[in-house]
A.B. asks: 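Following this message is one structure expressed as structure tokens.
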Amino acid sequence: MSFIGQAANVFGGTSEFKFQVVLFGRNAIYIEGARPIKVDGDEMIFRSRKTVLTVTGSGMSVKELSDDCVSIVGRIDGVAVKDL
């Protein structure tokens, strides 16, 4: 079972899963359930169901991108979540 699948089993009764974010230190981030709106080296913005995720940092680049998953590497300074 994947990490996200295990987390859904643990937290499934306490929250609605719109998106998932896994931060690997300050050098990489994995986002599932969101699509890119803006991809830049200093700021990346993603949209999920009724939510906007903003990742800020420096020297960031997309390592892998699929339908609703993205892996980003670079200096990650912040992650902000805003409900729409």
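In this chain, numbering begins with 1 at the start of the sequence shown. Note that the structure is predicted; figures quoted are calculated from it, not measured.
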A.B. asks: Side chains of Ile72 and Phe46: does their closest heavy-atom pair fall under 4.5 Å?
C.D. replies: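 Sidechains of Phe46 and Ile72: in contact.
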A.B. asks: So which heavy atom on Glu32 is nearest to which on Cys69, and how close?
C.D. replies: CG-SG, 3.6 Å
A.B. asks: Checking one residue: Val73. Which other hydrophobic residues are in its cluster under the side-chain 4.5 Å linking rule?
C.D. replies: none
A.B. asks: Using the test side chain to side chain contact (heavy atoms under 4.5 Å, CB included), find all partners of Asp77 that sit at least two apart in sequence or belong to another chain.
C.D. replies: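 Listed in chain order: Arg26, Thr56, Arg75.
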A.B. asks: Would a hydrophobic clustering, with Ile, Leu, Val, Met, Phe, Trp and Tyr connected at side-chain separations under 4.5 Å, put Val39 with Ile76?
C.D. replies: yes
A.B. asks: Please tell me if the side chains of Arg47 and Leu84 come closer than 4.5 Å, counting only heavy atoms from C-beta onward.
C.D. replies: yes
A.B. asks: Any non-hydrogen side-chain atom of Leu65 less than 4.5 Å from a side-chain atom of Pro36?
C.D. replies: yes
A.B. asks: Working to the nearest 0.5 Å, report the span between CD of Glu43 and OG of Ser58.
C.D. replies: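 It is 13.0 Å, given to the nearest 0.5 Å.
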A.B. asks: Apply side chain to side chain donor-acceptor pair (under 3.5 Å) to Lys50 and list each qualifying residue two or more places apart in sequence or on a separate chain.
C.D. replies: none
A.B. asks: Are any of the side-chain heavy atoms of Val55 and Ile31 separated by less than 4.5 Å?
C.D. replies: yes
A.B. asks: Using the side chain to side chain contact (heavy atoms under 4.5 Å, CB included) criterion, which residues pair with Ser48? Sequence neighbours excluded.
C.D. replies: Lys18, Phe19, Ala34, Thr51
A.B. asks: Hey, any chance Val52 and Val62 share a hydrophobic cluster, counting ILVMFWY side chains that come within less than 4.5 Å of each other, even indirectly?
C.D. replies: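 No, separate clusters.
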A.B. asks: Please answer: with hydrophobic residues joined when any side-chain heavy atoms are less than 4.5 Å apart, are Met44 and Ile37 in the same cluster?
C.D. replies: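 Shared cluster, no.
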A.B. asks: Please round to the nearest 0.5 Å and tell me the distance separating atom CG of Leu23 and atom CD1 of Ile29.
C.D. replies: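 Nearest 0.5 Å value for the CG-CD1 distance: 5.0 Å.
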A.B. asks: Applying salt bridge (charged side-chain N to carboxylate O under 4.0 Å, His left out) as the test, list every pair that has at least one member in residues 57-73; sequence neighbours left out.
C.D. replies: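 For residues 57-73: none.
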A.B. asks: Applying side chain to side chain donor-acceptor pair (under 3.5 Å), name anything that partners Asp40, two or more places apart in sequence or on another chain.
C.D. replies: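 With sequence neighbours excluded, Asp40 shows a side chain to side chain donor-acceptor pair (under 3.5 Å) to no residue whatsoever.
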